[in-house]
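Worksheet: the structure to be examined is printed underneath.
Sequence positions, counted from 1, serve as the residue numbers for this chain. Excluded from the calculations below are hydrogen atoms, water molecules and symmetry mates; all remaining heavy atoms, backbone and side chain alike, are included. No experiment lies behind these values; they were computed from the predicted model shown.
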Amino acid sequence: MDNFYGVLKNCIADHQPNFGDGESVLTLLYEAYSECNRLDDDQIKADFEELYRCMNGMTLKEMDRVIYTVCTLCRHHEKTGFIEGIRIGMRLSDELK
């Protein structure tokens, strides 16, 4: 927990949050969480190996374009899932009270 708190504190210091939009605190939580919890499991590694096999014959520039798009999509998906999970958890907490 101390590690998570330290990363979150550094993230806040480096990127001053905009508390007016209601999303910045969740975004900061996600950034700190993802720094502390890398998700490079065996399935993800196997999926990327398959992606590289499918790109066989492409130029490096073409491969970079595909990989950049895939990684961006994955990051947005992961971030959305994290934020929605926090929202659902908070709603559940409210309902249980």
Query raised in the report: Does a side-chain N-to-carboxylate-O contact under 4.0 Å join E49 and K45?
Result: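 Salt bridge between E49 and K45, a charged N being under 4.0 Å from a carboxylate O: no.
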
Requested in this report: Could you pull out all residues at least two apart from S93 that satisfy side chain to side chain contact (heavy atoms under 4.5 Å, CB included)?
Outcome: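 Once residues adjacent in sequence are excluded, the partners of S93 under the side chain to side chain contact (heavy atoms under 4.5 Å, CB included) criterion are K97.
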
Requested in this report: For C36 and V7, work out which heavy atoms get closest and say how close.
Outcome: SG-CG2, 3.7 Å

Report task. Any pair with a residue in residues 75-86 that passes salt bridge (Lys or Arg N to Asp or Glu O under 4.0 Å), sequence neighbours left out, goes on the list, sorted by first then second residue, please. Result ->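 Residue pairs passing salt bridge (Lys or Arg N to Asp or Glu O under 4.0 Å), neighbours aside: E31-R75, E84-R87.
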
Query raised in the report: Take atom CG in D94; do more than 12 heavy atoms of anything else shown fall under 6.0 Å from it?
Result: yes

At what distance, to the nearest 0.5 angstrom, does [atom1] of [X] lie from [atom2] of [Y]?
{"X": "T69", "Y": "D64", "atom1": "OG1", "atom2": "CG", "answer": "10.5 Å"}
{"X": "C74", "Y": "F48", "atom1": "SG", "atom2": "CZ", "answer": "5.0 Å"}
{"X": "L92", "Y": "L96", "atom1": "CG", "atom2": "CG", "answer": "4.5 Å"}
{"X": "I67", "Y": "M63", "atom1": "CD1", "atom2": "CE", "answer": "6.5 Å"}

Pair up each side-chain donor or acceptor in residues 51-60 with any protein partner under 3.5 Å, not counting sequence neighbours, and list the distances.
from : atom 1 : to  : atom 2 : distance (Å)
R53  : NE     : E50 : OE1    : 3.2
R53  : NH2    : E50 : OE1    : 3.0
T59  : OG1    : E62 : N      : 3.2
T59  : OG1    : E62 : OE1    : 3.4

